[in-house]
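Lettering follows sequence order; numbering is per chain, from 1. All values below were derived from every heavy atom in this structure, side-chain atoms included, with hydrogens, water molecules and symmetry-related copies excluded.
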Amino acid sequence: QKEVEQDPGPLSVPEGAIVSLNCTYSNSAFQYFMWYRQYSRKGPELLMYTYSSGNKEDGRFTAQVDKSSKYISLFIRDSQPSDSATYLCAMSAKGDYKLSFGAGTTVTVRA
Amino acid sequence: ETGVTQSPTHLIKTRGQQVTLRCSSQSGHNTVSWYQQALGQGPQFIFQYYREEENGRGNFPPRFSGLQFPNYSSELNVNALELDDSALYLCASSFNTVGANVLTFGAGSRLTVL
C-alpha cells in the first residue's frame with residue numbers, strides 16, 4: 001500500500017464546473033498538507049498549504065483536511081481552461097525533510 | 001528574485017553511462033532537495049542537502065549521489081545508468097526552518113536512458 005493514494009483520473013469537466021480532488025494517506029504523523037499544480041513539461045508549483053485539520057480558502061481554491069479520516073481535498077470553483085493541469089497532493093510530518101506525493105490527478109477543463 | 005533553475009532540460013544517455021544534473025536554488029534558500037518523477041507518477045524523494053551535507057535520503061541506491069556548493073547550488077550524479085532511471089528529475093529549494101518543508105521546484109531535467 002502506498003503512503004499517499006490519489007486517483008490519477010483523468011478528470012474532464014466543462015468550464016465553470018466545480019473540480020473536486022482528493023487524497024488519502026496512511027501515515028498518522030503527517031501534519032502539513034499541500035497541493036501542487038503541474039503543467040505539462042513544467043515543475044510543480046505550490047497552490048495551497050494547510051497545517052493540521054481544517055479548511056483554507058484562497059480565491060477559487062479551497063483545501064480541506066480531515067485528519068481523523070486521513071483524507072484531504074481540493075476544490076476548484078468556477079473552473080477555467082487555464083486550470084487544466086495535473087494536481088499533486090503532498091504531505092509531510094513535523095520536522096521531516098521530505099514530502100510524500102500522490103500520483104497526481106490530471107484535470108482538463110473544456111471551454 | 002530568481003526561481004529554481006535546472007540544466008540541462010533534456011538529455012539522452014545509454015545504459016551504463018553517468019550523468020550530472022545541475023540546479024541553482026532560489027535566492028534566499030539554503031536547502032536543496034532532489035526528486036525523481038517517473039511518467040504518470042508523483043515525485044519520489046531522492047535526497048536533501050543542507051550546509052553542503054546530505055540531510056536525508058530516500059529509497060535510492062548509492063549510485064545516486066549529490067553535492068551542494070557554498071552558493072547553495074547543487075548537482076545530482078547518477079552512475080551506471082539503468083533504463084528505469086528514465087524520468088524527470090526535479091530540484092527544489094527551500095529555507096531550512098522549523099515547520100513545513102515548503103518547496104519551490106524547478107522545471108526539471110528530463111533524462112532518457114536507452
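- For residues 79-87 of chain A, heavy-atom neighbours of chain B at less than 4.5 Å comprise no residues at all.
- Interface residue A:Y36: only side-chain heavy atoms are found under 4.5 Å from chain B.
- Contacts classified as ring pair (Phe, Tyr, Trp, His ring centres under 6.0 Å) and involving residues 60-92 of chain B (residues at least two apart or in different chains) are given here: B:F60-B:F64.
- In the hydrophobic clustering of this structure, A:Y49 does not group with A:F61; members are Ile, Leu, Val, Met, Phe, Trp, Tyr whose side-chain heavy atoms approach within less than 4.5 Å, directly or through other members.
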Exercise. List the steps and the verdict of side chain to side chain contact (heavy atoms under 4.5 Å, CB included) for B:L103 and A:L46.
Key: CA-CA 8 Å; B:L103 305 180; A:L46 182 66; over 6 Å; no
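- Using non-hydrogen atoms only and a strict 4.5 Å limit, the part of residues 37-44 of chain A facing chain B consists of A:Q38, A:R41, A:K42, A:G43, A:P44.
- Two different hydrophobic clusters hold A:W35 and B:V102 under the rule that ILVMFWY side chains link at heavy-atom gaps under 4.5 Å.
- Cluster annotation: B:L21 and B:F45 are assigned to distinct hydrophobic clusters (Ile/Leu/Val/Met/Phe/Trp/Tyr, side-chain heavy-atom contacts under 4.5 Å, transitive).
- Listed by sequence position, B:Y35, B:Q37, B:G40, B:Q41, B:G42, B:P43 are the residues of residues 35-44 of chain B in contact with chain A, using a 4.5 angstrom heavy-atom cutoff.
- Hydrophobic clustering keeps A:F101 apart from A:V107 (ILVMFWY residues linked when any side-chain heavy atoms are closer than 4.5 Å, directly or through intermediates).
- Both A:V65 and A:L47 belong to a single network of hydrophobic side chains, linked directly or stepwise wherever heavy atoms of I, L, V, M, F, W or Y lie under 4.5 Å apart.
- Note: A:L99 CG to B:F105 CZ = 6.0 Å, rounded to the nearest 0.5 Å.
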